[in-house]
Amino acid sequence: MPNAVLTSPVPLGWYLILSAILFGLGVAGFIFRRNIITVFMSIELMLNAVNLSFVTFSYQFKQVDGHIYSFFVMVVAAAEAAVGLAIILTVFKNRSTLMIDDVNSMKY
Amino acid sequence: MNLWLIPILPLLGFLANGLLGRRVPKAFINTVAIGSVLLSFLWVVKTLLGLGAIETKYIEHYYTWIQSGMLNISVDFAVDRLTAIMLLVVTGVGTLIHIYAVGYMEHEEGYYRFFAFLNLFMFFMLVLVLAQNYLLLFVGWEGVGLCSYLLVGFYIAEQYATTAGNKAMIVNRIGDFGFSLAIFLIVKQFGSLDFTKVFDAAKGMPVEASIGILTIITLLLLVGATGKSAQIPLYVWLPDAMAGPTPVSALIHAATMVTAGVYMIARSATIFTKAPITMDTVAVIGLATAFFAATIGMTQMDLKKVYAYSTVSQLGYMFLGVGVGAFSAGIWHVMTHAFFKGLLFLGAGAVMHGLHGELDIRQMGGLRKYMPITAWTLFCASLAISGVPGTSGYFSKDAILVAAYAHAPWMYWVGVLTAGMTAFYVFRAWFMAFTGEYRGHAHPHESSLVMTGPLIILAILALVGGFAFKVPHYLEGMFTEGPENEVMALVSAAVGLLGIFLAYVFYVAKPGLADSFAKSLGGLYTLVYNKYFVDEAYDAAVVQPLLEGSRTVLWRGMDAGLIDGMVNGAGHRSRGIGAILRRIQSGNIRSYAAWVVLGSVVVLLAIGFAGGLR
Amino acid sequence: MPVNFMPSGTDYLRILPEIIMTVAGALIMLIEGWLRENKKRNLAVLTFIAFAAALVAAVVANASPGLSFSNMLIVDGFATFFRVLVIGVGILSLLSAVQYLKREHAESSEYYALLLFSVTGQCIMATANELIMIFIGLEISSIATYVLAGYLRDDKRNNESALKYFLLGSFATAFLLYGVAWIYGTTGSTNLSVIRIALLTPGSERNVILAGTAAALMFVGFAFKVSAAPFQIWAPDVYQGAPAPVTLFMSVGPKAAAFAVFIRVFTTAFGPITSHWEPFVWSSALLTMIIGNFAALLQTNIKRMLAYSSIANAGYIMVAIAAHNEIGVAAAMFYLAAYAFMNIGAFAVITHFSRQGEKFVNIEDFAGLGWKQPVTAGLFAVFLLSLIGVPLTGGFFGKFYIFKAALDANLVWLAILGLLNSAIAAYYYLRILVVMYMNEAGEATDSVQPIGVGIGATLWVAAVGTLVLGIFPSVVLNFATASSALLK
Amino acid sequence: MTLLDIVIFLPLLAFVVALALPKDNPQLIRIFCLIASLVVFLISLGLIAPVWSATPGKFALENNQVWIQSPAINYHTGLDGISLWLVILTTLLTPLCVLVSWRSIDKHIKQFFAFLLLLEFGLIGVFCALDLFLFIVFWEVTLVPMYFLIGVWGHERRIYSALKFFVYTMAGSMLMLVAIIYLYIQAGTFDYTKILAGLQSGAISLSSVEQFWLFLGFFIAFAIKVPIFPLHTWLPDAHVEAPTAGSVMLASVMLKMGTYGLLRFCVPMFPGAARECANWIVVLAIIGIVYGALVALVQPNMKKLVAYSSVSHLGFVVLGIFSFTQQGFDGAVYQMLAHGISTGALFLLVGFLYDRRHSLEIASYGGVATPAPWLATAFMITMLASVGLPTLSNFIGEYLVMQGSAQVDFRWTVFAALGPILSACYLLWLYQRTFFGKASEDLTHHMPDLNFREYAIMVPLIVLMVWLGSYTQSFLPPISASNAVLLGPFDASREIHAKSPAHKPALAAQGELANAR
Amino acid sequence: MTALIFLVFAAIAVICGINLVVQTHPIASALSLIGVMGSLAILYLQLGGEFIAMAQIIVYAGAVMVLFIFVIMLLNAGAETPTFQASSFVKYFGIILLFGFLVLMSFIIQATLPKTEGVTFGAFQGTAADIGRKLFTSYLLPFEVTSILILIALVGAIVLARKEV
């Protein structure tokens with residue numbers, strides 16, 4: 001029985017669930033991590049999860065469109081990374097901290 | 001016949017004096033004030049002569065006042081015999097009092113104002129008398145109330161005077177409350193306010209054995225009448241109204257305005273006679289007022305107060321008269337009362353004038369020597385009010401009492417008792433003021449001819465007025481003449497004489513007896529002396545609760561507390577909600593992210609359920 | 001596979017505004033090097049010209065409506081409306097920024113370039129007919145705005161604003177993208193028309209649920225961008241922290257563009273499953289109005305207060321979307337236009353009034369402005385009255401159309417609650433009027449500078465716009481109605 | 001472009017011009033505003049004749065232009081007997097308000113007078129608008145200038161009051177907006193005449209539930225404005241804090257917007273719902289009458305006293321309207337006018353006192369009549385009018401209203417009739433404490449009698465009080481005619497029916513009325 | 001075989017993902033993220049995404065993550081210090097929300113996706129050629145527009161990071 005499981009084709013849903021799990025982990029990282037950079041990385045994780053979904057669906061439809069979308073997402077992620085890290089740098093320069101909870105001068 | 005000229009002349013006098021009075025000499029004011037009333041009087045005479053016997057009502061239509069839907073109220077004046085009497089009394093006595101006032105008011109501030117108001121009063125009083133529908137009557141009714149207010153509070157710098165003015169107006173308003181309600185019901189019932197139409201319609205209605213619409217209407221009219229004519233329970237304003245200058249008391253609060261209630265009931269006789277319950281009420285109220293006012297009158301020390309309570313008492317007689325169905329007797333008494341009570345007040349004014357404002361009868365005495373004309377004219381008036389046979393009071397009062405006897409004997413006996421008391425206190429005042437030795441500190445002197453002249457004329461009228469003018473006979477066409485009963489009339493006259501005798505004993509023959517007698521009565525005397533504490537009771541039971549309730553419960557509690565509290569509370573609550581909602585905005589990025597997650601979970605759940613996911 | 005490799009002339013015409021702005025943006029950065037320090041104003045002039053050209057191009061492009069670039073792009077009335085709107089917003093925010101940048105000693109070509117790029121992104125969003133285009137447009141617009149929000153990089157609040165905006169924005173975009181993935185998985189396409197057709201074809205229930213999930217996820221993304229509850233939380237902090245002219249810009253431009261795609265996606269692609277998404281748009285609308293208005297009651301910082309106000313305004317527009325009918329769409333379009341004018345006007349006043357280093361941005365600082373600078377204050381009053389929703393201003397008609405749409409869709413309670421909300425809102429707007437006209441002038445008012453050309457122009461244009469929309473709304477409204485009818 | 005449009009837009013034009021005048025020449029501004037408002041008043045007198053000669057049921061001077069195509073909103077204005085006098089009341093009071101503010105406004109003069117003109121524009125518009133949308137536009141336009149008048153030129157607690165005034169009214173008008181939109185969706189038009197015709201002919205059918213809610217939407221907005229108990233608490237605050245001109249316009253005209261709305265829109269459009277709710281509303285009106293009077297009785301502040309008296313007086317108007325009788329309607333409209341004049345005059349007089357002594361506390365006066373007899377006289381006449389003395393203005397209104405209500409339910413009348421008693425109480429007491437008594441040296445010194453400007457303000461008002469009270473035929477016929485049309489959907493059984501002998505004259509009176517038209 | 005590979009790399013991805021979340025030092029998290037990316041690249045390959053798998057490794061795991069690590073190093077970011085300012089909302093509801101989100105998503109996926117179809121390696125090949133062709137035809141516009149995005153990233157980074165004004 002385990003053998004059969006291992007050799008048979010993998011249901012598409014599994015990929016999607018993996019994608020959902022990774023997305024969820026990204027969310028978890030965002031809301032539980034305190035270092036801004038880690039938080040940012042969590043977003044990257046979420047984007048990766050989305051990419052997995054795209055590619056999976058692409059397989060389902062046997063189209064390359066999904067791949068192209070992932071490609072665009074990567075570009076966007078890269079651009080975001082550049083800007084995001086620049087923002088983080090300025091924050092650090094001004095506050096000398098990377099703790100996200102410290103960045104809360106404006107509230108209510 | 002240009003009836004409109006009758007009231008308009010005094011109105012013009014009012015306008016002229018009111019607008020120009022401050023800049024013109026007194027002579028001008030006098031001319032205008034007296035002239036306008038005199039002209040009015042002459043016009044009345046001319047009109048009445050022109051109309052002759054006035055077998056039917058003479059009506060003049062001027063213009064539509066209010067026209068709304070089917071409701072049509074016009075400005076119409078009418079003259080019938082009842083009106084004729086009233087017109088003569090009002091303008092006649094009015095003229096005399098105007099003349100008197102010239103002397104009396106000579107040194108007062110606001111001279112022009114006084115005459116302007118007096119003229120205005122004449123205008124409204126004449127409108128009241130001439131009105132051919134209830135609303136126009138109401139105009140006059142309220143208008144005279146206004147003038148009463150203005151004149152009672154004539155001494156505007158004095159708190160007591162203005163308060164008395166307010167009291168007069170407000171108590172009258174309470175009465176008018178009833179009157180106005182009656183008007184609404186009349187329109188509802190008859191579709192019109194015109195006397196002719198209303199009475200024509202009412203004639204066809206049956207006499208109401210139990211409370212019906214006519215009873216309600218008449219009771220409400222009665223409320224109005226009690227206010228204006230100072231009957232129980234609304235008489236309280238009249239004694240206070242003596243705060244005004246004495247000519248005012250004479251004209252408004254004795255001769256004319258206060259009798260408007262009687263006039264109105266007599267005018268509405270057609271409806272009243274259909275409502276026996278009301279009639280009884282009128283009679284009982286009149287009797288009670290007469291009696292209680294007389295008791296109070298016996299104890300008062302202020303000359304004008306004595307006469308004031310006597311007025312209330314006499315008005316009670318008139319009510320008794322109309323209440324027992326003797327309308328013409330009531331009107332007769334209105335007329336004679338105008339003579340003798342006007343005279344009493346004018347005389348009191350003359351005394352006051354001579355004593356530089358002193359009114360306490362304990363501070364008088366022996367004035368006969370200093371002011372003989374005043375003394376003897378007042379004596380005539382006192383005789384008349386006491387119902388000494390031959391004087392005017394004898395005729396009218398006895399006509400009432402006789403009618404009362406025919407209606408219910410007990411009313412007669414109470415009335416007779418009251419008549420005795422009346423004679424007692426009137427002569428008590430006279431004796432205390434004019435006989436004996438002078439007890440005061442002023443320099444008494446007789447008044448000028450301007451003042452004594454009217455006194456003399458009125459004294460003559462008071463003596464012969466009843467004999468000369470047989471009102472019931474004149475009004476026969478309108479009201480059935482009362483029964484005649486010589487015996488009962490003589491009994492009451494005898495009781496009157498007894499009263500005079502007692503007064504003589506108490507205050508001339510054996511002075512000091514009165515005090516000991518009063519002491520022996522103790523609490524009762526105090527009660528009566530303080531007018532049964534009615535003012536105080538009203539104050540405690542109505543005025544103060546109303547004020548305090550309005551202040552603490554309605555204003556501070558309801559308005560500022562509850563409603564505004566709720567409004568402001570809503571404001572505060574909004575801010576409170578805002579304060580809670582902005583807590584969401586903790587400034588913490590992770591918390592914000594968590595909100596985003598929360599939102600997405602909720603949205604997904606919603607979609608899931610909406611999509612039928614099980 | 002016949003491949004049309006080269007785009008046609010029409011294709012270019014249809015993206016001419018974007019091309020103009022992009023080119024101009026790049027050009028401006030290149031030119032800066034040759035300009036002397038005191039000539040930097042020319043950069044602004046150039047940017048202005050670029051915007052103006054783009055505006056003309058957008059109008060011209062509307063003359064040849066249609067799809068372009070393999071259905072990636074659609075030029076229709078709706079798109080043109082929003083293009084014109086966002087370019088207009090760009091112009092006004094440019095005008096109001098010049099003086100500010102000079103004051104902050106931060107005049108540079110990058111600011112203008114980023115502004116141009118951001119507007120380009122918004123134009124792309126407005127014209128996109130494809131989810132991936134929308135995504136890219138959104139990212140262009142957003143990233144440029146992130147940078148602008150943190151433009152004064154030595155300012156702590158600017159940093160914080162940028163960081164919050166950036167992190168949360170990316171976070172929400174991830175959700176949006178996840179939704180895109182799902183709708184792709186459901187229908188095999190990301191083209192809005194195709195999706196619509198796919199959802200219209202009678203299929204299994206499965207599709208509907210999947211599409212609904214996708215819609216929900218995308219809703220998260222869009223609602224975040226338009227700052228609708230419960231995804232509005234970022235807005236106050238970000239608006240407060242960003243430089244005033246940037247706040248001016250981002251409270252209107254990106255929001256309008258986001259609403260454009262929101263409306264287009266939800267009425268076109270998700271039109272067939274309206275009944276699924278309507279309830280949560282409905283509740284979100286209500287929640288947004290309530291949170292925005294109530295939280296604004298207590299604010300002391302005027303920027304933050306207007307941030308809450310803009311949340312509340314987003315709520316009104318959400319009501320129009322919840323009405324999911326043509327009138328609703330037209331109403332939302334109209335309201336956005338009116339909102340653009342009044343909000344820009346209000347923020348322009350703040351830009352003018354605040355001093356270097358974001359000084360004097362508390363409501364109390366405006367004390368006595370009404371008598372010190374009557375014209376400025378008068379115009380501010382017009383904007384505030386419009387925000388309150390007093391007739392003869394755009395705000396009133398906007399609200400009126402929105403709630404009319406809601407009632408058309410039988411959302412009676414939403415309409416009533418919404419309008420009562422706007423009565424509450426009157427309270428905090430009036431507070432500014434109170435301070436301006438009824439309090440004694442303080443330090444801030446005494447030292448206020450005369451109004452500059454740029455801001456002056458912005459204020460007048462905004463005021464005229466607000467009033468014209470209020471008195472003669474037909475022009476805009478007819479266009480909006482006509483274009484909303486085509487939106488399928 | 002009818003004469004009416006000129007009357008509507010001339011104040012707006014004057015507003016714009018006034019704003020453009022140089023602010024350092026206050027005299028020029030004052031004179032300009034005075035002349036402008038006087039011109040408007042004179043032109044508005046020209047409106048009387050067309051309304052008088054208009055056929056019943058038709059609006060005079062109608063102007064119907066498309067304003068916005070979709071949704072179809074028209075600039076539709078017109079006048080009938082109900083609105084005619086309210087318009088003239090507005091145009092009359094505006095110049096008087098300019099006059100009374102002549103010296104007492106000493107800061108931001110230009111803006112003050114400009115706002116007065118803007119207010120006039122809005123108020124006239126409200127009374128002329130025959131398109132529901134246009135109506136609400138004007139309705140809210142009036143809010144803004146009044147808000148500023150209270151907030152900028154008011155007394156100590158002006159800001160609170162101004163805010164309260166604005167937010168209160170705003171909340172109400174939002175509900176009305178919902179109702180109007182809903183009605184539009186049902187009817188497809190905002191046009192009042194069309195909607196009314198449609199509703200009456202059944203072309204627009206509303207379920208009774210819909211009717212009820214729509215009625216309520218309108219009613220609450222109007223009730224706040226009137227104000228009907230318990231929605232009245234904004235009024236005393238607003239009055240007390242407003243400058244004299246503000247109080248006058250507020251009391252004399254703005255409150256009438258509410259009652260006018262009730263009469264024009266609420267009742268005729270939703271007769272069923274109105275009839276259903278009438279009992280409740282009448283109870284509120286009567287509570288208002290008595291309650292307002294009782295609270296007025298104990299006020300230590302003159303303006304507050306007069307403000308509460310307005311609550312009381314306006315209760316009569318509401319009572320009249322919800323009696324659904326000819327007399328009730330006529331009386332309501334008449335009372336609006338009369339109250340506008342008498343209460344306006346009271347506020348003006350209180351303003352005169354305030355100008356002299358800078359206090360509104362009754363306790364700081366006393367004996368004013370001695371140094372200022374004409375002021376006292378004017379106050380007396382005005383007070384008497386307000387008290388409802390026959391031959392003065394308010395009496396007619398109150399009488400007709402109570403007569404109308406008596407046709408329906410006599411109990412209403414009994415309670416309502418308490419109003420005049422209490423009004424005598426509070427006003428006489430006020431008068432006594434203010435004008436009677438011995439004047440202190442200080443007061444005498446600061447209490448000159450009326451000056452020419454003040455005479456110019458008071459004389460026309462006093463003349464009007466007498467005129468309105470003693471010769472109603474100059475005013476009532478067009479009101480009656482318009483009301484008769486509005487009464488169409490209500491049963492005639494409530495009307496006065498004369499007993500047989502009186503029947504014919506009543507018919508003759510009808511003929512007379514027809515002639516009057 | 002496919003399944004085995006899937007399970008192995010899915011497990012690695014999840015473990016790395018969890019590691020990312022639980023590690024307090026950013027470097028550790030970054031390395032975990034690279035782990036996730038790597039394993040995802042394998043899964044892409046499995047799903048026929050040759051090009052995308054390459055891009056994943058080169059662009060993502062390579063370039064982007066290097067940037068991250070560079071910044072971490074530059075800022076000398078240490079391990080997180082526990083703070084007490086964390087929002088109570090997160091503390092109390094974070095886990096629940098997350099759990100809810102996950103359960104919901106999985107539930108929807110489970111309920112709606114076809115379970116019959118499976119992934120077999122090689123059944124579909126998205127070659128670089130296909131992708132390139134599409135990028136220059138159908139996806140020409142987004143492809144070009146992306147350049148603006150990159151330009152912005154460039155400008156943005158310059159604006160924010162350069163020293164003087």
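Keep in mind that this is a model prediction, so the values were computed, not measured.
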On a heavy-atom basis, which atom in [X] and which in [Y] lie closest, and how many Å separate them?
X: Phe61(A); Y: Thr187(C); answer: CZ-C, 4.1 Å
X: Leu47(A); Y: Leu177(C); answer: CD2-CD2, 3.7 Å
X: Leu167(C); Y: Ile43(A); answer: O-CD1, 3.5 Å
X: Ile143(C); Y: Ala79(A); answer: CD1-CB, 4.3 Å

Under 4.5 Å from any heavy atom of chain C, what part of [X] do you find: side chain, backbone, both or neither?
X: Tyr69(A); result: both
X: Val27(A); result: both
X: Ser58(A); result: both
X: Thr56(A); result: neither
X: Ala20(A); result: both

Distance, nearest 0.5 Å, that separates [atom1] of [X] from [atom2] of [Y]:
X: Phe175(C); Y: Phe23(A); atom1: CZ; atom2: CZ; value: 4.5 Å
X: Phe166(C); Y: Ile36(A); atom1: CZ; atom2: CD1; value: 10.5 Å
X: Ile132(C); Y: Phe54(A); atom1: CD1; atom2: CZ; value: 4.5 Å

Contact class of [X] relative to chain A, heavy atoms under 4.5 angstrom:
X: Val238(C); answer: neither
X: Tyr178(C); answer: both
X: Phe135(C); answer: side chain
X: Leu163(C); answer: both
X: Glu139(C); answer: side chain
X: Asp155(C); answer: backbone

Q.
When you measure from the side chain of Asn94(A) to the backbone of Arg153(C), do you find a donor-acceptor pair of N or O atoms at a distance under 3.5 Å?
A. yes
Q) Is a side-chain donor or acceptor of Tyr184(C) paired with a backbone partner of Gly66(A) at a separation under 3.5 angstrom? A) yes
Do the side chains of [Y] and [X] get nearer than 4.5 Å, heavy atoms only?
X: Phe30(A); Y: Leu168(C); value: yes
X: Asp65(A); Y: Thr190(C); value: no
X: Asn159(C); Y: Phe92(A); value: no

Q | Among the listed options Ser142(C), Gly150(C), Ala149(C), Ala162(C), the residue most often paired with chain A at heavy-atom distances under 4.5 Å | A | Ala162(C)
Q. Can you tell which of Glu80(A), Gln63(A), Met46(A) has the highest number of heavy-atom pairs within less than 4.5 Å of chain C?
A. Glu80(A)
